[in-house]
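Just so you know, these numbers come straight off a predicted model, no measurement behind them. Chain naming here is simple, since letters A, B, ... match the order of the sequence lines and numbering starts at 1 in each.
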Amino acid sequence: MAEITPGRAYGFFTDTSVCIGCKACEVACKEWNQLPGHEPAFGDGFDNTGGLDAQNWRHVQFIDNVPDQTMGTGQGKAWLMMSDVCKHCKEASCMEVCPTGAIIRTEFDSVYIQPDVCNGCRNCIAACPYDVISQDEQKGVAQKCTLCYDRMQGNMEPACAKACPTDSIQFGPVDELRQAAQQRVTDLQEQGVTEARLYGDDSSIYGGLNAFFLLMDKPEAYNLPNEQNAVLPRRNNAGGYLATLGTAVLGVFGGLIALRRRREPAAEEGDQP
Amino acid sequence: MTLAQAQHFVAPPHWTWYILFYFFVAGISGGSYLIATLFRLRGDRADEPAARLGYYVAFVALLPAPILLTLDLGKPLRFWHMMWNTTPGEPGLNFKYWSPMSVGVWALLLFGVFATVSFLESLVRDGKLGRPGGRGLDGVFGRVFITVGAILGLFIAGYTGVLLAVSNQPVWSDTWALGGLFLASGLSGSAAMLVLLQRARPAARASEGTLVRSERLYAVLELALIVIFVVTLIPDGTLGIVFGFPWLLLWLVAFAGLVPGIAGLLTSGLTVRGEPAAAHRQSGSGGTAVAAAERTSVMTSVAMPVLVLLGVLALRAAIIFSIQ
Ligand code: SF4
Ligand code: SF4
């Protein structure tokens, strides 16, 4: 791979159409980042990871759409598998609300939580629309995918991309990945896979996701908010403060009315028992 | 938006008991400061004891606030990171006007200064510090000071709702009413708290009628905001989350807390039984007021305020816990 140069935007293109659900990415991530993980939980699916959190920075989602009756070839529709990860949003909700400045944009344009600055207030968890961050119980701080910040500084691609056997996870400069993704979706469409679509490759979702996806269904099917719902927390500042201001004005008025009332002697006489 | 269109895939932040009690004390502290300031600026001489009581409550209620907030952090000893950015190479103050948590830290600090000064000043006026009958911050400066303090108090009582809204959480981020709702309930809770405490401060009883009246008005304001809250959640289809079982029980307590105020308003309007006539209040301080206050029942001055305060807590609990 070419030199990883600071100042350039890097990210992932996760092509879910070729994911086989092997979870090599999850393992490689835990291995490199020394994440102890949780006790595996066995439900009725192939997913014993649960979701992204402080211990799981890659999570392979298994979306079971297997119909009761067989009906021809599935064309990748029956089982959807997707290796989920922090999207390293251009307009990042987590970064927007963080009061300590712990969340920064690195020289590789990734979104990074500095573990020695974070104080564990968890505001970012309330903000991230993708359920990516959680608090590490031992360390007390918020944790998520770092895009292998340390590896990138050493000119190595992130562990998950390195491990992925099908190249479902591709790492590289975002502009190059976008071109490759465009090509891939065009090819799929031409082959008749009309449900293939890109998510987050343009600025319609949070200004563009540095880690974007090729999906085989609607974004909602993968727990990804669609375009109308990809909104930033700060949208609620103006309305919230205005309602507070209106209430404050009414509250002061209420207090004044309560004070004024007894100055009217006529009414007061009536009060006497 | 059409029905049930809001999509929420977020994780809950696990803000629980510490935050609930912080929201409660913030509402009581800020609200009491406002009521005290209204008494001092717009009341008469007989309202001064109640004003001081309000400043005492504002200070004492605020004391646990920083402790609660600090204990809630995953790294409590780094609470100061909220104010000072420790990112290597970029030291400086942290202030993000678009992040209510960041604004709130500074507002809390500032309001703390005002609440402390007004508390000390009330002690001086009460003769508890230095010579008896000491003078406080009089004149224009004093008035401006408590006015600014009251504005900060209003902010502290209300911004907590905005903090919840500035997120991507279901319910919280689907409405713009939370800041106003928390403020209104903080005000009614403060009026109730003062009604309760003035039993222990006979001189302040002259203002009981005003406090009861305020509480009624604030209860109506709160009810109006609950209605707005509900209406704003309908399009996003998240109403079922916050009003589902068991949260409905908390809402019942919250509504019960509105009953004294609203029933009082419906039955007797703005008149309060047993309140001394204006002329009597003006002429003498202590005696008349105390005699009059004894006529208001234990029901009005203990049971009802306690119910209101429980309602304030239950409202916040329902909103905080139901989504997590
Ligand atoms: S996906 Fe979530 S954690 Fe990652 S950058 Fe976006 S908002 Fe932040
Ligand atoms: S938990 Fe840490 S990273 Fe998240 S908002 Fe708070 S200080 Fe910032």
Side-chain angles (χ1 to χ4, degrees), chain A residues 93 96-102 104 114 116-123 125-131 133-135 140-141 220 223-226 228-229 233-234 236-237 239-244 246-248 250-252 254-259 261-263 265 267-273, chain B residues 5-7 9-11 13-15 34-35 38 42-43 73-75 78-79 81-82 85-87 90 94 96 98-102 105 154 158-159 161-162 165-169 173 176-180 183-184 187 209-210 213-214 217-218 221 225 270-275 277-279 295:
Chain A
S93 304
E96 183 174 277
V97 299
C98 174
T100 64
I104 54 163
Q114 304 170 86
D116 49 347
V117 179
C118 169
N119 67 9
C121 74
R122 316 195 286 296
N123 211 9
I125 301 174
C128 169
Y130 295 109
D131 184 0
I133 312 175
S134 86
Q135 184 183 23
V141 298
E220 305 79 297
N223 295 337
L224 303 169
N226 62 20
Q228 296 89 280
N229 281 284
R234 70 190 296 171
N236 287 325
N237 266 316
Y241 282 128
L242 272 180
T244 312
T247 311
L250 290 175
V252 171
L256 291 177
I257 291 170
L259 270 166
R261 181 61 174 69
R262 64 169 180 234
R263 299 230 180 87
E268 297 293 342
E269 291 328 328
D271 293 350
Q272 297 304 304
Chain B
Q5 214 195 322
Q7 299 172 343
F9 305 111
V10 289
H14 299 296
W15 289 330
L34 172 79
I35 293 173
L38 288 177
R42 283 280 167 258
L73 296 175
K75 284 271 176 200
R78 294 188 187 163
F79 67 93
H81 285 201
M82 296 270 188
N85 193 340
T86 57
T87 301
E90 290 174 43
N94 270 323
K96 289 177 164 179
W98 58 91
S99 170
M101 191 181 279
S102 177
V105 166
L154 285 165
Y159 92 97
V162 187
V166 178
S167 69
N168 276 313
Q169 297 291 322
S173 69
W176 42 264
L178 280 184
L183 173 56
L187 287 172
T210 306
R213 235 185 330 268
S214 318
L217 293 169
Y218 293 148
L221 190 58
L225 278 149
L270 288 178
T271 53
V272 177
R273 268 202 315 142
E275 190 182 20
R295 269 175 274 148

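Residue with the most contacts toward chain B among Gly251(A), Ala126(A), Pro225(A): Ala126(A) (heavy-atom pairs, distance under 4.5 Å). Taking chain B as the reference chain and counting heavy-atom pairs below 4.5 Å, the highest number among Ser134(A), Pro129(A), Gly240(A), Gly255(A) is found for Pro129(A). Counting heavy-atom pairs closer than 4.5 Å to chain B, the top-ranked of the candidates Asp116(A), Val141(A), Val252(A) is Asp116(A). Between chain A and the options Leu217(B), Leu187(B), Leu178(B), the largest number of non-hydrogen pairs under 4.5 Å is found for Leu217(B). Per-residue counts of heavy-atom pairs under 4.5 Å with chain B were compared for Leu242(A), Asn223(A), Val97(A), Ile125(A); the largest is that of Asn223(A). Chain B forms more heavy-atom pairs under 4.5 Å with one residue of Pro99(A), Cys98(A), Gly246(A), Gly140(A) than with any other, namely Pro99(A). Chain A forms more heavy-atom pairs under 4.5 Å with one residue of Gly158(B), Pro100(B), Ala165(B) than with any other, namely Ala165(B).
Listed for the Asn237(A) side chain is a donor-acceptor partner under 3.5 Å among the backbone atoms of Trp98(B). Counting only distance, with no hydrogens or angles, the side chain of Arg78(B) and the backbone of Asn119(A) share no donor-acceptor pair below 3.5 Å. For Asn236(A) (side chain) and Ser173(B) (main-chain N/O), a donor-acceptor pair under 3.5 Å exists by modelled atom type. Between the Arg42(B) side chain and the Leu259(A) main chain, no donor and acceptor come within less than 3.5 Å of each other. With hydrogens and angles disregarded, no donor-acceptor distance shorter than 3.5 Å links the side chain of Glu96(A) to the backbone of Ser99(B).
At least one side-chain heavy atom of Arg122(A) sits less than 4.5 Å from a side-chain heavy atom of His14(B). In this structure, Leu183(B) and Thr247(A) have side chains that are in contact, with non-hydrogen atoms separated by less than 4.5 Å. Between Trp176(B) and Thr244(A), the closest side-chain pair of non-hydrogen atoms is not below 4.5 Å.
Looking at Cys121(A), the atoms closer than 4.5 Å to chain B (heavy atoms on both sides) sit in the backbone and in the side chain alike. If you measure heavy-atom distances from Leu221(B) to chain A, the contacts under 4.5 Å come from the side chain alone. Only the backbone of Leu224(A) has a heavy atom closer than 4.5 Å to any heavy atom of chain B. Looking at Val162(B), the atoms closer than 4.5 Å to chain A (heavy atoms on both sides) all sit in the side chain, from C-beta outward. When heavy atoms are compared at a cutoff of 4.5 Å, Tyr130(A) approaches chain B solely by way of its backbone atoms N, CA, C and O. Both the backbone and the side chain of Glu220(A) come within contact range of chain B, each with at least one heavy atom under 4.5 Å from a heavy atom of that chain.
Atom OG in Ser93(A) sits 5.0 Å away from atom CG in Asn168(B) (nearest 0.5 Å). Interatomic distance, CG of Leu256(A) versus OG1 of Thr210(B), reported as 11.5 Å (0.5 Å rounding). Taking CD of Gln7(B) as the start and CG of Asn229(A) as the end, the distance is 4.0 Å to the nearest 0.5 Å. Here the OH atom belonging to Tyr218(B) is positioned 10.0 Å from the CG atom belonging to Leu250(A), to the nearest 0.5 angstrom. With values rounded to the nearest 0.5 angstrom, Lys96(B) atom NZ is found 7.5 Å from Thr100(A) atom OG1.
Applying the side-chain hydrogen bond (donor to acceptor under 3.5 Å, both in side chains) rule to Gln114(A) yields the partners Thr87(B); only residues at least two apart in sequence or on another chain are considered.
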